Amino acid sequence: MAGQFRSYVWDPILIISQILLMQAIYYSFLGIWLAVVDSVVQSSPGLDQIFSYEILGFSILQGRLSMMAFILNALTCALGLLYFIRRGKQCLDFTVTVHVFHLLGCWIYNSRFPTTLTWWLINIVCIALMAVIGEYLCMRTELNEIPLNSAPKSSV
C-alpha cells in the first residue's frame with residue numbers, strides 16, 4: 001500500500017533487540033532503585049531483593065521499601081517505552097514481555113513458582129502502571145503536530 005502513513009514490516013531483529021533493551025532497562029533501574037532503598041535502610045544488596053518473592057511484603061520495612069522500588073521502576077521503565085519503543089500500541093506487549101521474563105527468572109531463581117499474594121499484586125500494579133503511563137507518553141508524542149515549513153513562498 002503506497003498511501004500508508006507508517007510501514008509495518010516484520011523485523012524480528014528489531015523486536016528482539018527492543019526486548020533485550022527493555023530487560024536491561026528493567027533490571028538496571030531496578031538495581032539502582034534497590035540500591036537507593038538499601039542506602040536508606042543500610043542493608044546489604046543481593047539478588048534476593050530482585051528475584052525472591054518472599055522479600056516483598058507489608059510486614060517489614062525492607063519489604064515495603066522494596067515494593068516502592070518496584071513501583072518507581074515501573075515509572076522509569078515507562079520512560080524506556082517512550083524513548084525506545086515509541087509506539088503506544090506496543091507498550092502493553094513489551095510491558096507484559098518484560099514481566100513474563102521476570103516471572104521466569106523468579107521461578108528459576110527460587111526453584112518454584114511464585115505463590116505469595118504480595119508478589120502477584122505488586123507485579124500486576126507494576127504492569128498496569130508501566131503500560132498505561134508508557135502508552136500515555138507514547139500517544140502524546142504520536143499526536144504532536146507535524147511541523148510544516150512556514151517559509152514564505154517564492155513568487156514566480
Side-chain angles (χ1 to χ4, degrees), residues 5-41 43-145:
F5 175 67
R6 292 183 190 257
S7 63
Y8 296 103
V9 179
W10 172 251
D11 189 1
I13 305 283
L14 174 66
I15 294 170
I16 290 171
S17 63
Q18 285 176 322
I19 289 171
L20 292 174
L21 180 63
M22 286 307 298
Q23 285 299 133
I25 289 170
Y26 181 81
Y27 286 118
S28 58
F29 279 101
L30 182 58
I32 290 170
W33 286 117
L34 286 170
V36 170
V37 166
D38 287 340
S39 69
V40 169
V41 182
S43 70
S44 61
L47 283 178
D48 281 345
Q49 291 178 303
I50 295 173
F51 294 112
S52 179
Y53 49 85
E54 282 105 10
I55 277 211
L56 298 174
F58 294 103
S59 59
I60 59 172
L61 179 65
Q62 179 68 27
R64 289 190 299 267
L65 290 174
S66 292
M67 288 192 301
M68 186 181 70
F70 273 89
I71 298 287
L72 292 171
N73 189 47
L75 302 177
T76 309
C77 288
L79 292 174
L81 290 171
L82 170 65
Y83 289 114
F84 299 112
I85 305 304
R86 295 183 170 211
R87 298 284 295 138
K89 310 169 50 164
Q90 295 175 338
C91 286
L92 181 62
D93 299 337
F94 280 95
T95 299
V96 170
T97 302
V98 164
H99 284 84
V100 164
F101 281 124
H102 181 65
L103 168 68
L104 292 174
C106 290
W107 194 352
I108 291 168
Y109 183 80
N110 294 298
S111 300
R112 60 184 188 269
F113 195 74
T115 56
T116 59
L117 181 64
T118 54
W119 188 90
W120 285 102
L121 286 176
I122 197 68
N123 278 289
I124 289 169
V125 167
C126 287
I127 288 171
L129 281 173
M130 185 174 159
V132 169
I133 294 171
E135 189 170 334
Y136 171 75
L137 294 172
C138 289
M139 294 295 266
R140 274 189 50 199
T141 58
E142 287 175 357
L143 294 175
N144 282 344
E145 292 182 18

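These numbers come from a predicted model, not from an experiment. Sequence positions, counted from 1, serve as the residue numbers for this chain.
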Shortest non-hydrogen contact between [X] and [Y], atoms and distance:
X: L30; Y: N73; value: N-OD1, 3.2 Å
X: C91; Y: A131; value: CB-O, 4.1 Å
X: A69; Y: L34; value: CB-CD2, 3.7 Å
X: M139; Y: G88; value: SD-CA, 4.3 Å

Is there a side-chain contact between [X] and [Y], using heavy atoms and a 4.5 Å cut-off?
X: T141; Y: R86; answer: no
X: V125; Y: M67; answer: no
X: L20; Y: I16; answer: yes
X: L103; Y: N123; answer: no
X: Y53; Y: R112; answer: yes
X: I133; Y: Y136; answer: no
X: F101; Y: I19; answer: yes
X: I71; Y: I122; answer: yes

Return the orientation label for the H102 and W119 ring planes: parallel under 30°, perpendicular over 60°, tilted otherwise.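 Parallel.
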Taking the six-membered ring for Trp, are Y26 and H99 parallel (under 30°), tilted (30 to 60°) or perpendicular (over 60°)?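 The rings of Y26 and H99 stand perpendicular, inter-plane angle above 60°.
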Hey, does the side chain of [X] reach the backbone of [Y] with a donor-acceptor pair shorter than 3.5 angstrom?
X: S52; Y: Q49; answer: no
X: W120; Y: P114; answer: yes
X: Q18; Y: F84; answer: yes
X: T118; Y: L56; answer: yes

Which distance, rounded to the nearest 0.5 Å, do you find between the [atom1] of [X] and the [atom2] of [Y]?
X: L79; Y: F29; atom1: CG; atom2: CZ; result: 8.5 Å
X: L82; Y: E135; atom1: CG; atom2: CD; result: 12.5 Å
X: F94; Y: Q23; atom1: CZ; atom2: CD; result: 11.0 Å
X: D38; Y: Q62; atom1: CG; atom2: CD; result: 5.5 Å

